[in-house]
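Order of appearance sets the numbers: ligands from 1, and atoms from 1 within every ligand.
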Amino acid sequence: MTFTDLGLHQNILRAVDSLGFSTPSEIQEKAIPIISSGTQDFVGLAQTGTGKTAAFGLPLVQQTDFTLQDTQGLVICPTRELCMQITKDLMAFARYQSHPNIVPVYGGASIDDQIRRLKKGAHIVVATPGRLLDLIRRRVIRLNTVNRVVLDEADEMLNMGFKEDIDTILEQTPEEKRVWLFSATMPKEVRRIAKNYMNDPAEIIVGKQNSAADNIEHRYYMMREKDRYYALKRILDFYPDIFGLIFCRTRRETGMISEKLEKEGYNVVALHGDLSQSQRDAAMKKFRERTVTILVATDVAARGIDVDGITHVIHYNLPDEPEYYTHRSGRTARAGKSGISVALINTREINKIRQIEKLIQTKIEYTPIPEAEEIGEKRMYAMMDRVVKTPVDEEAIERYWPVIYNKLKHLPAEEIVLKFISTELNALLEYYKNAGNLNAKQEKPVNREEGKRRNGKSSGKINGPTITFFINLGDKQHMNKGAMVRLVCSGSGISGKQVGKIDIHPEYSLFEVDQPAAPHILPAIETGTYEGKNFRIKISKEKNGRKNKERRR
Ligand code: ADP
Ligand code: MG
């Protein structure tokens, strides 16, 4: 099946061709012939990324008479971003029409500019419901010549509370218009619109309803709640080439996470409703142009965004509505590409995963959070890969060569390599030096008492006298026994057998060291950093003092 078989005119086919679409997608194949007949209303249910815009856009452009001044087409969609996207797509479809005027109107931008553009005569208006109503009330837009109405992402518009607005708008359109409705899901409210405002519509369902695209790999990672952010960082560090979208549940969380990541040197930008329109536009532009590689967003702000080549969708927190999971994940694996959907959950959220699995009829695979060594290794490979592939412009470098040569000539080749690697990776290696394991899955749910006992049990069996040390890192800084032994031993060079009882408290910890080994601790690791936090180690006066008293008694 080709686009020619779908009965599209020559100048539309040319536009399709210049967009590089060679074969129609399933929804396009099924919808375009019905819609093109111009005699029937239409309901199309298809998941995100299936090409719905062209499914209604191509026939819409074909059926518009661009020699008239009248507004004939009206597309209603939920968000400003989607509004701009659809307008852009329609302009591309109308590329070979003479003087097409397709005008987007949405809230948050200057209404005067939009009025000016509308006054020039819009053939097609693409609108968000609120602003459209505003313009109708100001009598700038009149719907009496409209003969095609498209409701895009109808389910989302209802989710966003546009129900009354849509009713009001549809009531003002002429009786004899056609309505084409597109939606990813078919809740009762969407049915009601179809029933009230449409005439015996043809209904097409593509793929499993609600199901996510097949070329998405679904994974979940499980950590304790307090480790959520650190787990996110590890995943980002593990995928140095990520071009990803991180979803948060609230605007506040979105702002917080993006700020924190930015402070720590990640290439991120935020998109949420608390930002001004120009900030949001700037954010989208940066992401689209890949000046930033990670977009942190709320569900509403990111709805309908169509950016090519997103490699990962990360659910920093799962959405309250399981259906949103599909909308989110659908941002990756678009236009035949593959992608990864990553959900971060705490130990109490596994039910949400099961619920979503049922909905998308796909298994979400448990995946362990990468450990420090894996991350280091991965980054090392990625870096070497980059080095090997970097083209060298010998001519340009030639004039600097004497200086470079002089600076480096006393270093052996191997050392130069080590130094270049270190320049790039020191910060990362330092951060992960004594990092623990963040996975919460293997942990059996122990009761508090048992947990304490386990914590308190000696790791090495030390028979002789010991010295107890204090460190200002505890459970809250996700210190654990394994990490403590690694930190103490790798820092001071003593062996694990020389470390005795370890007590992890919420804000600090105590560890015992075999007395002969104790003098090695403080000169080596009195201070340092652990997962980015500064720590300090002291001899515990209290413990050692009490022990002495006990001995004296
Ligand atoms: P939906 O509205 O269903 O979520 P879109 O209409 O935004 O999906 O299309 C998703 C992506 O697929 C867009 O980047 C679009 O350019 C591309 N696309 C649409 N139809 C085709 C096609 N027939 N061939 C190749 N790419 C297509
Ligand atoms: Mg769409």
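Ring pair Tyr325/His315 is parallel by interplanar angle, where below 30° counts as parallel and above 60° as perpendicular.
Only the side chain of Gln28 comes within contact range of ligand 1, with a heavy atom under 4.0 Å; no backbone atom does. Using a 4.0 Å cut-off between heavy atoms, Phe3 contacts ligand 1 through its side chain alone, with no backbone atom that close. Proximity of Asp89 to ligand 1, defined as any heavy-atom pair under 4.0 Å, is not found for any part of the residue.
Between the side chains of Asp281 and Ser278, no donor-acceptor pair is found at a separation under 3.5 Å. With no hydrogens or angles considered, no side-chain donor-acceptor pair links Glu357 and Tyr220 at under 3.5 Å.
Residue Thr23 approaches ligand 1 through these ligand atoms, each under 4.0 Å from one of its heavy atoms: 22 (C), 23 (N), 24 (N). Near Thr50, with a cut-off below 4.0 Å to any heavy atom, the atoms of ligand 1 are 1 (P), 3 (O), 8 (O). In summary, the atoms of ligand 1 found under 4.0 Å from a heavy atom of Thr53, numbered by their order in the structure, are 2 (O), 5 (P), 6 (O), 7 (O). Against a heavy-atom cut-off of under 4.0 Å, Ser25 is close to the following atoms of ligand 1: 23 (N).
Electrostatic pairing of Arg95 and Asp17 does not count as a salt bridge here, judged by no charged N lying under 4.0 Å from a carboxylate O. Between Glu374 and Lys378 no salt bridge is recorded (no basic side-chain N to carboxylate O distance below 4.0 Å).
The side-chain heavy atoms of Val61 and Phe66, taken from C-beta on, include a pair separated by under 4.5 Å. Proximity of Gln10 to Tyr96: side-chain heavy atoms (C-beta onward) are nowhere separated by under 4.5 Å. Side-chain contact between Ile32 and Pro24 is absent, with no heavy atoms from C-beta onward closer than 4.5 Å.
For atom 8 (O) of ligand 1, the candidate residues are Gly330, Gly51, Ala92; the nearest heavy-atom contact is made by Gly51. Around atom 3 (O) of ligand 1, the closest heavy atom drawn from Lys52, Glu29, Glu26 belongs to Lys52.
The N/O atoms of Pro24, backbone and side chain alike, include none that comes under 3.5 Å of an N/O atom in ligand 1.
Ligand 1 lies out of reach of Ile27, whose nearest heavy atom is not under 4.0 Å from it.
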